[in-house]
Amino acid sequence: MPDNKMKYTIDSNMQFPMIEIALETGEFAYIQRGSMIYHNAAVTLTSELNAKGSGIGKLFKAAGRAMTSGESVFITKAVSSNDNGIIALAPSTPGQVMPLDLGAKQYRLNDGAFLALDGSAQYTMERQSVGKAFFGGQGGLFVMSTNGIGTLLVNAFGSIKKIELQNQEITIDNAHVVAWSDTLDYNIHLENGFVQSIGTGEGIVNTFQGTGEIYVQSLNIETFANIMKNYIVTDGRSSSSGNPLGGLFDALT
């Protein structure tokens, strides 16, 4: 009987990480859609709805998360037909990949943080309040929560730092949050109200309370995307060509 415990290696000699997972007969792993680089003939990829449950309820959960968070309705399942199954993965953004051991500890994941989960563990799509779903964009109407025993691979934009709370409180820019312990209470809100948030440049934040772990990423993909807008060519020219005078010229022409 396959134990579905994920056997993986992270290639540390590469500038950006690539993960190779070994699967035995009947073993499987869930992977982020579009993350596969290569696999051998023993591995078959199938797609499943990105939610647990059955029937129309499962479809609504998957569709609700996709519509409000931008993530896929589907998740990919990699299954091996013999003891030599190999599949390689890479995250969609350049950054660190970190394993989280599931069992006594369980986690909730921010959008885009999920990379892979072995078949011995499970995940559920946990319903959030409307305010958290739409105001924070944190996983949409449903946030991914883990359960069971196994290994979860999360990825980040940049490097990952673990913050540990012992009956404490901390506020973190929501775009820097990767994953957090399910033992923590969290509240997504504007930093110091709407006007102050505009003035400080700190928008939506996440305040955590209690005892547990939080994993944060060093880079903010939303900030990076806003910077890159200045260099993206539209209608045959960039919006500002990376130059303030270029931006003024674009605005006047």
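FYI, the numbering just counts along the sequence from 1. The basis for the numbers below is simple: all heavy atoms, side chains too, and nothing from hydrogens, waters or symmetry mates. Note that the structure is predicted; figures quoted are calculated from it, not measured.
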Quick one: do D182 and N147 satisfy side chain to side chain contact (heavy atoms under 4.5 Å, CB included)? Show the steps, please. CA-CA 10 Å; D182 67 353; N147 56 74; over 6 Å; no
Distance-only criterion, 3.5 Å: show the donor-acceptor pairs between side-chain atoms of residues 207-214 and protein atoms not counting sequence neighbours.
residue : atom : partner : partner atom : Å
T207    : OG1  : T171    : OG1          : 2.8
T207    : OG1  : H189    : NE2          : 2.7
Q209    : NE2  : E169    : OE1          : 2.6
T211    : OG1  : N167    : N            : 2.8
E213    : OE1  : Y107    : OH           : 2.8
E213    : OE1  : Y215    : OH           : 3.0
E213    : OE2  : K105    : NZ           : 2.5

Could you go through S159 and Q96, starting from their C-alpha distance and side-chain angles, then the distance that decides it, and tell me whether this counts as side-chain hydrogen bond (donor to acceptor under 3.5 Å, both in side chains)? CA-CA 5 Å; S159 301; Q96 187 176 352; 4.5 Å; no
How long is the gap from [atom1] on [X] to [atom2] on [Y], to the nearest 0.5 Å?
| X | Y | atom1 | atom2 | value |
| --- | --- | --- | --- | --- |
| K162 | M98 | NZ | CE | 8.0 Å |
| R33 | E48 | CZ | CD | 14.0 Å |
| Y8 | I21 | OH | CD1 | 9.5 Å |

Which pairs count as side chain to side chain donor-acceptor pair (under 3.5 Å) when at least one residue sits in residues 82-94, sequence neighbours excluded?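 As it turns out, the side chain to side chain donor-acceptor pair (under 3.5 Å) pairs with a partner in residues 82-94, which skip direct neighbours, are T25-D83.
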Any non-hydrogen side-chain atom of [X] less than 4.5 Å from a side-chain atom of [Y]?
| X | Y | result |
| --- | --- | --- |
| Q217 | K161 | no |
| I75 | F114 | yes |
| N174 | N110 | yes |

Start with the C-alpha gap between L153 and I19, add the side-chain angles, then the distance that decides, and say whether side chain to side chain contact (heavy atoms under 4.5 Å, CB included) holds. CA-CA 10 Å; L153 297 180; I19 299 87; 3.8 Å; yes
Ignoring hydrogens, what is the shortest heavy-atom contact between [X] and [Y]? Give both atom names and the distance.
| X | Y | value |
| --- | --- | --- |
| S120 | G150 | OG-CA, 3.5 Å |
| V97 | P17 | CG2-CG, 3.7 Å |
| A113 | L109 | C-CD2, 4.2 Å |
| L45 | A78 | CD2-CB, 3.6 Å |
| P94 | F157 | O-CD1, 3.5 Å |
| S145 | R108 | OG-CG, 3.5 Å |

With sequence neighbours left out, write down each residue that passes side chain to side chain donor-acceptor pair (under 3.5 Å) with [X], or none if nothing qualifies.
| X | value |
| --- | --- |
| T151 | none |
| T46 | none |
| N13 | none |

Between T146 and Q106, does any side-chain donor sit less than 3.5 Å from a side-chain acceptor?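 The criterion, which ignores hydrogens and geometry beyond distance, is satisfied for Q106 and T146.
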In terms of hydrophobic clusters joined by side-chain contacts under 4.5 Å, are W180 and I170 together?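 As far as the 4.5 Å side-chain criterion goes, I170 and W180 are connected within one cluster.
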List in chain and number order the residues that pass side chain to side chain contact (heavy atoms under 4.5 Å, CB included) with [X], two or more places apart in sequence or in another chain; answer none if no residue qualifies.
| X | result |
| --- | --- |
| T223 | N220, I227 |
| S35 | I31, Q32, L89, L115 |
| S81 | A42 |

Apart from I86 itself, its cluster of hydrophobic side chains linked below 4.5 Å comprises M14, M18, I37, Y38
Main-chain N/O of I149 paired with D101 side-chain donor or acceptor, under 3.5 Å: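 Flag not set: sc D101 to bb I149 has no pair under 3.5 Å.
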M6 backbone acceptor or donor facing D118 side chain under 3.5 Å: yes
Would you please classify the geometry between the Y30 ring and the Y123 ring as parallel, tilted or perpendicular, with 30° and 60° separating the classes? perpendicular
Report the C-alpha separation of V178 and V154 in whole Å, then their side-chain angles, then the decisive distance to 0.1 Å, and conclude whether the side chain to side chain contact (heavy atoms under 4.5 Å, CB included) test is met. CA-CA 8 Å; V178 176; V154 296; 4.2 Å; yes
Could you check V216 against I160 for side chain to side chain contact (heavy atoms under 4.5 Å, CB included), going step by step and ending with a plain yes or no? CA-CA 6 Å; V216 298; I160 297 177; over 6 Å; no
